[in-house]
Amino acid sequence: MGLFPELNEEETLKNVKYYFEHEFPRLKARSHMNISSLQSPSFDTVGTSGSARNTQEDKIMGQLWAMDLVKATYKVVRNCPDDHKFRTILEKCFLYGKGNTGALDAVNYETSRYFECKRAAMLYFADAFSDYYQMEVNMIKTEKSGV
């Protein structure tokens, strides 16, 4: 038994891929909203449903949250070790949209070695990014009772 629970690598890899392909582009778009274009909250209670929520504040908080995640994503990728080309693979493949072809050309590895390193880089990212967003999926160990 180690310090950390055993990782379900396949599910974790799916989560990292989903994050970069679906969530990260939306976070980038949301983080570029112009805060100054948001209107001041209206305090007119005539004709409202009586909700006490401040939707403008919610929009600002959502944008700040998105900005934090985008910055954290770039920071984590930038801090990846590049001795196995993790940083280069993550940057080219996911941040700069060059895909596997662009990343493969940049690291100059054989295809099988490239995919080994890409897999390891994605798992490294999931672990390093866990303070911001949980992508890791732990294995569920089922032990048979010896009764």
Check: E136 main-chain N/O paired with Q134 side-chain donor or acceptor under 3.5 Å:
yes

Are Y18 and V76 joined in one hydrophobic group, where the rule is that I, L, V, M, F, W and Y side chains link up if heavy atoms are under 4.5 Å apart?
no

Same cluster for M61 and L69 if Ile/Leu/Val/Met/Phe/Trp/Tyr side chains link at under 4.5 Å?
no

Is there a path of hydrophobic side-chain contacts, each under 4.5 Å between heavy atoms, that joins F115 and L13?
no

May I ask you to check whether F94 and F24 place their ring centers less than 6.0 Å from one another?
no

Could you check whether atom NZ of K92 has more than 12 heavy atoms from other residues, nucleotides or ligands sitting under 6.0 Å from it?
no

Distance only, no hydrogens: is a donor on one side chain within 3.5 Å (strictly under) of an acceptor on the other, for Y132 and D68?
no

Distance from K85 atom NZ to Y114 atom OH, nearest 0.5 Å?
13.5 Å

Report yes or no: does E11 contribute a side-chain atom to a donor-acceptor pair with the main-chain N or O of V137 at less than 3.5 Å?
no

I'd like to check K118 versus L90 (side-chain heavy atoms, cut-off strictly below 4.5 Å). Are they in contact?
no

Could you walk me through whether M135 and F125 pass side-chain contact (heavy atoms from CB on, under 4.5 Å), step by step?
CA-CA 9 Å; M135 293 183 207; F125 178 83; 3.5 Å; yes

Ignoring hydrogens and angles, write down the donor-acceptor pairs under 3.5 Å from the side chains of residues 101-113, residues two or more places apart or on other chains.
{"residue": "R113", "atom": "NH1", "partner": "E116", "partner atom": "OE1", "Å": "3.4"}
{"residue": "R113", "atom": "NH2", "partner": "H84", "partner atom": "ND1", "Å": "3.4"}

Determine, stepwise, if the pair Y19 / T73 fulfils side-chain contact (heavy atoms from CB on, under 4.5 Å).
CA-CA 10 Å; Y19 174 77; T73 301; 2.5 Å; yes

Does V16 share a hydrophobic cluster with F129, counting links as ILVMFWY side-chain heavy atoms below 4.5 Å and allowing steps through other members?
yes

Kindly determine whether V77 and L95 satisfy side-chain contact (heavy atoms from CB on, under 4.5 Å), including the steps that lead there.
CA-CA 9 Å; V77 170; L95 298 184; 3.7 Å; yes

Hey, are the side chains of C93 and K98 touching, using non-hydrogen atoms and a 4.5 Å cut-off?
no

When hydrophobic residues are tied together by side-chain contacts of less than 4.5 Å, even through go-betweens, does F20 share a cluster with M67?
no

Which heavy atom of V70 sits nearest a heavy atom of S31, and at what distance?
CG2-OG, 4.0 Å

Between R119 and E10, is there a salt bridge with N-O shorter than 4.0 Å?
yes

Would you give the length of the straight line joining atom CD of E6 to atom CG of N138, rounded to the nearest 0.5 angstrom?
9.5 Å

I'd like to know if the side chain of D82 and the backbone of R87 have a donor-acceptor N/O pair within less than 3.5 Å.
yes

Verdict with reasoning, M139 to L7, per side-chain contact (heavy atoms from CB on, under 4.5 Å)
CA-CA 5 Å; M139 292 290 262; L7 201 60; 5.8 Å; no

